[in-house]
Amino acid sequence: MSRKKRRLANLQNAESQTYTGTQELIDSEEGLIGYSTEIVRKFFSKMDLENRIVSNGRTLLEFGAGTGFLADIFRSTFQIKPDWDHFQLPWISLMSTFVPIWI
């Protein structure tokens, strides 16, 4: 008995060049916000940032991709303003002196 071929979702090909994954992109972006917020919450809790940063008036340095995405979550959720934008340029120039090694 031969199996019926299942029709796949509308995929892009030479005949159909319309992108059909818009909803999947939206869903993944929304999921990424929730995922990243949970990481920041856990980091805040496990690292006791309430006592180490907020109560003592210290600064948090955030090393991310340079977009400020995690810094925005710290700011909006915990009213902590991480220092990330002022730190990027000196760090980049320092790191550029190293030779990358790919393992």
Side-chain angles (χ1 to χ4, degrees):
M1 178 182 241
S2 67
R3 287 183 148 178
K4 283 186 177 181
K5 286 187 178 181
R6 270 200 257 170
R7 183 163 190 251
L8 298 174
N10 295 331
L11 301 176
Q12 283 180 277
N13 56 38
E15 293 81 36
S16 175
Q17 296 183 4
T18 304
Y19 182 70
T20 60
T22 304
Q23 188 58 50
E24 287 80 6
L25 286 173
I26 292 169
D27 292 344
S28 66
E29 283 188 16
E30 289 174 357
L32 183 60
I33 292 168
Y35 175 77
S36 297
T37 301
E38 185 60 23
I39 288 174
V40 167
R41 286 180 195 275
K42 286 185 177 185
F43 185 80
F44 184 85
S45 170
K46 300 287 183 187
M47 296 297 292
D48 192 26
L49 296 185
E50 181 70 38
N51 291 323
R52 295 173 70 190
I53 302 290
V54 178
S55 299
N56 294 320
R58 294 186 173 149
T59 301
L60 175 67
L61 292 177
E62 187 259 306
F63 292 89
T67 63
F69 181 67
L70 295 177
D72 288 341
I73 295 172
F74 271 108
R75 193 175 302 109
S76 65
T77 306
F78 299 109
Q79 290 70 49
I80 293 177
K81 185 180 178 199
D83 190 1
W84 66 274
D85 53 346
H86 306 294
F87 194 72
Q88 294 295 322
L89 289 176
W91 182 253
I92 290 169
S93 64
L94 173 67
M95 292 306 291
S96 67
T97 64
F98 292 96
V99 176
I101 298 173
W102 305 101
I103 297 175

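Side chains are part of it too, since the values below use all heavy atoms of this structure and drop only hydrogens, waters and symmetry mates. Computed from a predicted structure; not experimentally measured.
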Roughly how far, to the nearest 0.5 Å, is the OG1 atom of Thr37 from the CG atom of Asp72?
10.5 Å
Same cluster or not: are [X] and [Y] linked, directly or through other Ile, Leu, Val, Met, Phe, Trp or Tyr residues, by side-chain heavy atoms under 4.5 angstrom apart?
{"X": "Phe74", "Y": "Leu32", "answer": "no"}
{"X": "Ile33", "Y": "Ile80", "answer": "yes"}
{"X": "Leu70", "Y": "Met47", "answer": "yes"}
{"X": "Ile73", "Y": "Tyr35", "answer": "no"}

Using side-chain contact (heavy atoms from CB on, under 4.5 Å) as the criterion, list what pairs up with Ser76, not counting sequence neighbours.
none
With sequence neighbours left out, the residues meeting side chain to side chain donor-acceptor pair (under 3.5 Å) with Asn51 are Asp48
Checking Phe44 now: which residues fulfil ring pair (Phe, Tyr, Trp, His ring centres under 6.0 Å) with it, not counting sequence neighbours?
Phe78
Keeping Ser28 on the side-chain end and Leu25 on the backbone end, is there a donor-acceptor pair under 3.5 Å?
yes
